[in-house]
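Per chain, numbering begins at 1; letters A, B, ... match sequence-line order. Bear in mind the structure is a predicted one, so any value in this text is a computation, not a measurement.
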2 protein chains.
Amino acid sequence: MPEEKLRRQRTGRANSSPTLEDVAQKAGVSTATVSRCLNAPARVSEATRKQVLEAVNQLGYAPNFGARALAAKRTDTFGAIIPTMENAIFARGLQAFQEELEQNGITLLVSSSSYSPQLEEKQVHALIARGADALLLIGHDRTPKSYDLLESKGIPHVIAWSIAHDVPRTSIGFDNRNAMKTLALEVLKLGHRDLAVISAPREGNDRARERCQGVADALIQFGLRPTDLPIIETPYSISNGAEAFQTLVSSGNRPTAVLCGNDVLAAGAISRARELGLRVPDDISITGFDDIEIAQIVSPGLTTVHVPHRKMGIHAARLLIAMRNGEYGDAPAESLELQVTITWRGSLGPVPLRNA
Amino acid sequence: MPEEKLRRQRTGRANSSPTLEDVAQKAGVSTATVSRCLNAPARVSEATRKQVLEAVNQLGYAPNFGARALAAKRTDTFGAIIPTMENAIFARGLQAFQEELEQNGITLLVSSSSYSPQLEEKQVHALIARGADALLLIGHDRTPKSYDLLESKGIPHVIAWSIAHDVPRTSIGFDNRNAMKTLALEVLKLGHRDLAVISAPREGNDRARERCQGVADALIQFGLRPTDLPIIETPYSISNGAEAFQTLVSSGNRPTAVLCGNDVLAAGAISRARELGLRVPDDISITGFDDIEIAQIVSPGLTTVHVPHRKMGIHAARLLIAMRNGEYGDAPAESLELQVTITWRGSLGPVPLRNA
DNA sequence: TTGTAAGCGTTATCAG
DNA sequence: CTGATAACGCTTACAA
């Protein structure tokens, strides 16, 4: 009797989970057959399949993840690195991304980089080491080493929330610069000439940078000097938005319209405006970007750029799955640009009369 | 020459990552030594350690996750299942949880159950199959099978956002019932007698249930009949909160104070109040629960129950790590009850004169 | 301090 | 359609 066969009996494993071999023994077939039953049911006869499934249920068998990953060379796990989980900016998109992955039997691993490329680099490393088959990343700003890691390990990845016109990377998102320009043009059309911007720190954040450029573009189109545009940079948070707003309005020449790089900052601005006794939009207009839930509960509601979060998440998932499945060969998959729209609520109005 | 040694040379692996054996070969040591270098550096001499690390860097070696999991019987991955990622209720706590895990070299896997015990059961299964070493769960309401799975696989788990007085499960959180009672007592002390509640659906959500009971407790203490208390149940969302509020105030006898089961519902209520021309708190008082960021940007600010989100997350992580490391043997670790406080802003005021 | 070698539980290749 | 059996890459007694 070959000693291999004895192994199972000799070990008095107390607590551990049943293995493929246990199932095989119980069903009276080989481990190979059990494996096939679970992974390619079509390649097994009706009869044995039934027996095996029976055994699986009785034993409460669940495949061992590590063993499967090792043998199959894939984990069915994707990773996503987002700048922050603290506010809702990425929540809806990520949720949609996750749902789509789940429908395809893929688990999602999320981590947040706190808007730091250095931290993100560590997390790219960690997710790869963790066996992620593919990665979702936000924006284009990251360390060269992050890209090297992805490249050298051949990990499929897509970049969301941004599109790249000039780099050969698969991205899915929208044109931040043009979106903000469109909004700024509306502001200018309403007669405003003294604009100001509250932006997230632009370093390491291409979305923030592009949005600022969009405002500048609009100014230029109206024959105004973008160099005169006051820009305050501050990390995304409601209280930071409030502080920045106060700084702006207490400066020498108060703007008639404040364009915020994001709804969180704008919400802070609006609430501080009220505290300072400024009526929005009668005394000052405020706009946001993203159209997340708080945009509708501040008062007045925020006029903002509506971003198709869910659509972006779903498409990102499908793209990534296709890439992982090798459907694009080695060439990067084509990028996808989504359209954004402006949601009008009440925070943007005509320029106050005395400034017109 | 043993044929084992030949294996490495014979395979012409093109793209694949370097393995422990590659590193060992390059450093001129055994694979065991390399493994020790990485996992227990203290047990290796200074000199060889240096050589090995050198080789690791040159090759850009990163351990294979599956192999490691298989051999070590642990993945250094924890899972968390939260009811929702869409609003910020769990964001801060989860972020803190994650940070604490990360500092201990543990990766976090998150999934959301959409407040459905059935969905949660599937996710418990998925996370276990995915190799999670331990799990963070929210509240006590789940299917018996979920608990069975946890039990039978011996997966350490803690329950957050709730404490259990009577079940032998490790939990870390606060007393939802008593917290809400405290807040309701404040409302009553201000003269209100016509209260109403907007709650999340209580089925499958012990926090919601306990909070409602808390209001009832307070009424009883004031000699009022809890059966007269109108309760509207609706899923957490701003617009649902708004709708529920409108239903309440357009009913026959309008309450003078509306207690919401959570800040999201309360934010909806406040913004709808304004739209209906009701002044808060002059015409009607509104309270929340959680003290998340929107509580401070609605106007007036929300008087609400402040929950120590970060503290809860950090302690949950530490507890779970200790459990995973076997520091509690087989007995469940002791639970930890945190204290909550009331944050006063402006949405709760004295009862309107005509109702007093 | 270091090396040897036996697993860990799957998947996949090849025969039958 | 099914069964042997060789990987997969790492950890960990056990020896030296």
Exercise. Between Arg49(B) and Lys73(B), who's closer to the 5' end of DNA chain C by nearest nucleotide?
Worked result: Arg49(B)
Exercise. Under 4.0 Å between a side-chain N/O of Asn39(A) and OP1 or OP2 of dT11(C), yes or no?
Worked result: yes
Exercise. To the nearest Å, how far apart are Arg36(B) CZ and dT4(C) C1'?
Worked result: 10 Å
For this session: Decide, yes or no, whether a salt bridge links Arg324(A) with Asp133(A) under the criterion of side-chain N to carboxylate O below 4.0 Å.
Result: yes
Exercise. Atom CG of Leu20(A) and atom P of dA4(D): how far apart are they, to the nearest Å?
Worked result: 14 Å
Exercise. Considering heavy-atom distances to DNA chain C, does Val44(B) or Ala71(B) have its closest nucleotide positioned more toward the 5' end?
Worked result: Val44(B)
Problem set entry | Gap between atoms CG and C1', on Leu38(B) and dG9(D) respectively (whole Å) | 13 Å
Exercise. Is the side chain of Ser146(A) donor-acceptor paired with the backbone N or O of Arg142(A) at a distance under 3.5 Å, no angle test?
Worked result: no
For this session: Could you check whether the rings of Phe90(B) and Trp161(B) sit parallel, tilted or perpendicular, using 30° and 60° as the cut-offs?
Result: perpendicular
For this session: Please state how far atom CZ in Arg68(A) lies from atom P in dG9(C), giving the value in whole angstrom units.
Result: 15 Å
Seminar exercise, completed: Closest of dA4(D), dG9(C), dT11(D) to the Leu70(A) side chain is dG9(C)
Exercise. Taking atom P of dT11(C) as reference, at what distance in whole Å does atom CZ of Arg43(A) sit?
Worked result: 13 Å
Exercise. Asn64(A) has an atom CG; how far is it from atom P of dC8(D), in whole Å?
Worked result: 18 Å
Exercise. If you measure from the Lys or Arg side-chain nitrogens to the Asp or Glu carboxylate oxygens, is any gap between Lys26(A) and Glu54(A) under 4.0 Å?
Worked result: no
